[in-house]
Each structure stands twice: as C-alpha cells, then as structure tokens.
A.B. asks: 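Can you keep this structure in mind? I'll have questions shortly.
Side chains are part of it too, since the values below use all heavy atoms of this structure and drop only hydrogens, waters and symmetry mates.
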Amino acid sequence: MHTSRCHFVVGPSVRVFGLCLDATSTGICEPLSPAMDMLLMPHMPDSFASLATLFSSMPKLVQDLRDHYVQAAAENRKLQFLGRKQEQLPYPLWDPDIWTDAYQLGPAKSHKLVYLATDQQKQQYVVKSTQRYGVDAHEAWATAELAPKLLQHRQVAGMWQQVVMEYLPPELPDAAGWLTLRYLMQPLEEQLKAAPQHLILAPELLPQLIQQAERLLCHAHAVSVSGLPAAHRDARPDNIMVCVRNGEVLKLHLIDMDWAGSAGTVVYPALLNTKNIAWPDGVAPGKVLEQKHDIDLLHLQCNRTTQLLVNDWRMMFLTSVQVSEMDVD
C-alpha cells in the first residue's frame, strides 16, 4: 500500500485528502477532513478550532508517513532483481510472485518503458507500460499471425496501461532469430557486430524484403478490426520484426501498436513528432489517419538507405576481389 497526503486549497478554504494505491494498483482518494475556511471569523470559534487542530496535527502526519516509507523501503530492498534497484522498474513489475527478473529493452536511456521480463516458470515476455495502446488492432493482427501474441492488457494507476506480449528473441533453437527491419538496413559491418552470420541478409536482398514488409502491411489493412479497417500509424522499419534463418526470411511481424486505430476516423496526435521523423505527405497533427500512410511511410524510410546498402555490399565485394588478386600475384 503506497500512501500520501494531499492538501487541496481553493481560495480561502482547505481540505485534506488521503491518497493510496490498493493491492490492484488502483488509485484511491478519500477526504480526511471537511472543507474548512481559513478566514478568521470570531462568530464561528468552532470552525477556527478545527482548523487549528488540523494544522497542529500536520507534524505527526508527516512523521507517520516517513516511518511508513522507511519500513516500505526496507521491504522493497528484498525485491531487487539481480542487484538492480526496484526503483528502476515500473511498479507493475515489482511483484516477486510473478516476475523474477526484468530489464529495459532498446537503446540506453530510452524513454520507452519496454522491458523483457522473466516469470517464475523462466518464460520471457515483453512488458510495456504506455498511456495509449491499440489493443483491438493488436489482437486482430496477432490472430492473423501478423503480430506477436497479446497475452495481457490492463489499466494501472496514473492513466497508464500495461501490455504483456510474446517475446520475439534474436536467437531461436533452430538457428533462426528475430531482428528489426531497421537493423537489417544497417551497413553490413554494423550488422555483424551484434548478430551472427546466419542471421544477416545480403544488402541486395533488401528491396525484396521491403516488398515483403509492404505485403505485411497490406495483409494487416485487410483484417477487420472491430468491424472497421485499421492502420498501424507508425509503420517505420523499427516496428517491423523479421525472422531470419541462414539468410532466408521466414516471416514478418508488426510491433508497437501504441497508435494503431481505425482508418478514416482516428486523427494524428497534436504533438506528432515532426522534428525527428520524416512523415509522408498527408500526415500532420490533426489529420485523419489513412491506410496508405503506412505504405508511404515505409517507402519513405526505406528508400533512403536501400541504394546505400547495395553500394556498401558492392564495395566490400570489389575489395575482396582485389585482395584475392593480390594473393594470386
């Protein structure tokens, strides 16, 4: 139970509330006092006496809260995962009866609250905390085998949502593995730094892979989501996972359905990131979402790198030929 106190002041009146999270992480706010007028009114001595009692009790209330959290901090230290402080994890991952380990996915200091969590049965799942999520789209696309399985979705305190989904690991027992399309669009030497050789695709195969990604989006667009056509709304290469084995693409999945919604009705957010992301024509804050935006965004992001990667591969090939000729001489 996480508790605190709130003083609600409106003009010359004050009221005290108690705030806490219950066992289901639901926020509870209850009044601890009536609204009291802070104006000195001699004809209402009882009111002034109540106000004085309220303020005189504050030091003890503060000390009681401090004692509570000192004890809670001692208990929390028992829940640290492999030396990582509990405070580094969102509180829905604190339950030791469910999770035994968790660490953040993505680049260091990422603002996205996406974690790889391990449960008591040593099964790994992706656990995401977000304020918005396209649950219906994810479920429909997962049923059509176009996205990882959605295992749990629930509301948590603070207008946040927790999403638990299937983990797509970079290494599978059959020598296959999942990588993002963005990763496979890197220069070859960058790919080889973090992925084994059998998961790397030759850059000249990238145009074919982009066509497969486009077909993935078309299949997703054809799936009815709550009786309506839907769009991903953020179909960048970062959000398309590719399963590869021995240089062959086995399947593709969509991930990160935070903004997925009904095409033709949902609009783009007012705070759309137009500074760091190049969006296609027709995409702007407040504009209506269209399915063609997904395809256009994919092409816009991919076309910039395809030719560069092909040139990179050709340069490496020519270099290897020249080295071979020197060995012969």
A.B. asks: Treating Arg233 as the side-chain partner and Val267 as the backbone partner, does any N or O pair qualify as donor plus acceptor under 3.5 Å?
C.D. replies: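 Answer holds: yes.
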
A.B. asks: Can you name the residues that form a side-chain contact (heavy atoms from CB on, under 4.5 Å) with Val223, not counting sequence neighbours?
C.D. replies: Ala140, Trp141, Ala144, Leu146

A.B. asks: Looking at residues at least two apart in the chain, or sitting in another chain, which of them share a side chain to side chain donor-acceptor pair (under 3.5 Å) with Asn246?
C.D. replies: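 Applying side chain to side chain donor-acceptor pair (under 3.5 Å) to Asn246 gives none.
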
A.B. asks: Only counting residues at least two apart or in another chain, list the ones meeting ring pair (Phe, Tyr, Trp, His ring centres under 6.0 Å) with Tyr133.
C.D. replies: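 Tyr133: ring pair (Phe, Tyr, Trp, His ring centres under 6.0 Å) contacts with His138.
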
A.B. asks: Has the side chain of Glu166 got a donor or acceptor atom that lies under 3.5 Å from a matching backbone atom of Pro148?
C.D. replies: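 No, Glu166 side chain to Pro148 backbone: no donor-acceptor pair under 3.5 Å.
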
A.B. asks: Quick one: pull up CH2 in Trp279 and CG in Asp234 and give me the separation to the nearest 0.5 Å.
C.D. replies: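 The CG atom of Asp234 is 4.5 Å from CH2 of Trp279, to the nearest 0.5 Å.
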
A.B. asks: What's the shortest heavy-atom distance between Leu300 and Pro280, and which atoms?
C.D. replies: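 Smallest interatomic distance, heavy atoms only, reads CD2-N, 3.8 Å.
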
A.B. asks: Who are the salt bridge (charged side-chain N to carboxylate O under 4.0 Å, His left out) partners of Asp294, not counting sequence neighbours?
C.D. replies: none

A.B. asks: Considering residues at least two apart in sequence or located in another chain, which fulfil the side-chain contact (heavy atoms from CB on, under 4.5 Å) criterion with Asp238?
C.D. replies: Arg182, Arg236

A.B. asks: For Asp136, check side-chain contact (heavy atoms from CB on, under 4.5 Å) against everything at least two apart and list the hits.
C.D. replies: Glu139, Val225, Ser226

A.B. asks: Does the side chain of Leu252 come within less than 4.5 Å of Leu181's, by heavy atoms?
C.D. replies: no

A.B. asks: For Gln212, I'd like to know if atom CD has over 12 heavy atoms of other residues, nucleotides or ligands within 6.0 Å.
C.D. replies: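 Count over threshold, so yes.
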
A.B. asks: Check whether any side-chain N or O of Glu171 sits under 3.5 Å from a backbone N or O of Ala176 as a donor-acceptor pair, and report yes or no.
C.D. replies: no

A.B. asks: Nearest 0.5 Å, please: how far is CH2 in Trp178 from CG in Leu172?
C.D. replies: 8.5 Å

A.B. asks: Applying ring pair (Phe, Tyr, Trp, His ring centres under 6.0 Å), name anything that partners Trp160, two or more places apart in sequence or on another chain.
C.D. replies: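 If we apply the ring pair (Phe, Tyr, Trp, His ring centres under 6.0 Å) test to Trp160, skipping adjacent residues, there are no hits.
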
A.B. asks: Check side-chain contact (heavy atoms from CB on, under 4.5 Å) between Pro31 and all other residues, then give those that pass, not counting sequence neighbours.
C.D. replies: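 Scan of Pro31 (side-chain contact (heavy atoms from CB on, under 4.5 Å), adjacent residues dropped) gives Arg15, Phe17.
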
A.B. asks: For residues Val126 and Leu179: do they belong to one hydrophobic cluster (side chain heavy atoms under 4.5 Å, members Ile, Leu, Val, Met, Phe, Trp, Tyr)?
C.D. replies: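 Hydrophobic grouping puts Val126 with Leu179.
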
A.B. asks: Which residues pass the side chain to side chain donor-acceptor pair (under 3.5 Å) test with Arg132, sequence neighbours left out?
C.D. replies: none

A.B. asks: Who are the ring pair (Phe, Tyr, Trp, His ring centres under 6.0 Å) partners of Tyr268, not counting sequence neighbours?
C.D. replies: His293

A.B. asks: Just wondering, do Lys112 and Asp256 contact through their side chains at under 4.5 Å, heavy atoms?
C.D. replies: yes

A.B. asks: Other members of the hydrophobic cluster containing Leu205, with the 4.5 Å side-chain heavy-atom rule, please.
C.D. replies: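 Under the 4.5 Å side-chain rule, Leu205 groups with nothing.
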
A.B. asks: Among Leu297, Ile210, Leu206, find the residue that satisfies the side-chain contact (heavy atoms from CB on, under 4.5 Å) test when tested with Cys302.
C.D. replies: Ile210

A.B. asks: The criterion is salt bridge (charged side-chain N to carboxylate O under 4.0 Å, His left out); which residues satisfy it with Lys122, sequence neighbours excluded?
C.D. replies: none

A.B. asks: Atom NE2 in His232, atom CG in Asp258: separation rounded to 0.5 Å?
C.D. replies: 8.5 Å

A.B. asks: How far does CG of Leu254 sit from CG of Leu217, to the nearest 0.5 angstrom?
C.D. replies: 5.5 Å

A.B. asks: Taking all atoms of both residues into account, what is the closest heavy-atom pair of Tyr125 and Tyr167, and its distance?
C.D. replies: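 Heavy-atom minimum between the residues: CA-CB, 4.2 Å.
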
A.B. asks: Check each of Lys128, Arg154, His153 against Gln162 using the side chain to side chain donor-acceptor pair (under 3.5 Å) test, and report the only one that passes.
C.D. replies: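 Result for side chain to side chain donor-acceptor pair (under 3.5 Å) with Gln162: Arg154.
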
A.B. asks: Check the surroundings of atom CG in Asp281: do more than 12 heavy atoms from other residues, nucleotides or ligands lie under 6.0 Å from it?
C.D. replies: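 Open: at most 12 neighbouring heavy atoms sit under 6.0 Å from CG of Asp281.
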
A.B. asks: From Ile240 CD1 over to Thr180 OG1, what is the distance, rounded to the nearest 0.5 angstrom?
C.D. replies: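 So the gap between those two atoms works out to 9.5 Å.
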
A.B. asks: Main chain of Tyr183, side chain of Gln186: is a donor-acceptor contact present, judged purely on distance under 3.5 Å?
C.D. replies: yes

A.B. asks: Can you tell me how far the OG1 atom of Thr118 sits from the CG atom of Leu116, to the nearest 0.5 Å?
C.D. replies: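 Between atom OG1 of Thr118 and atom CG of Leu116 there are 5.5 Å.
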
A.B. asks: Hydrophobic clusters here meaning ILVMFWY residues chained together by side-chain heavy-atom distances under 4.5 Å, can you tell me if Ile28 and Leu19 are in one?
C.D. replies: no

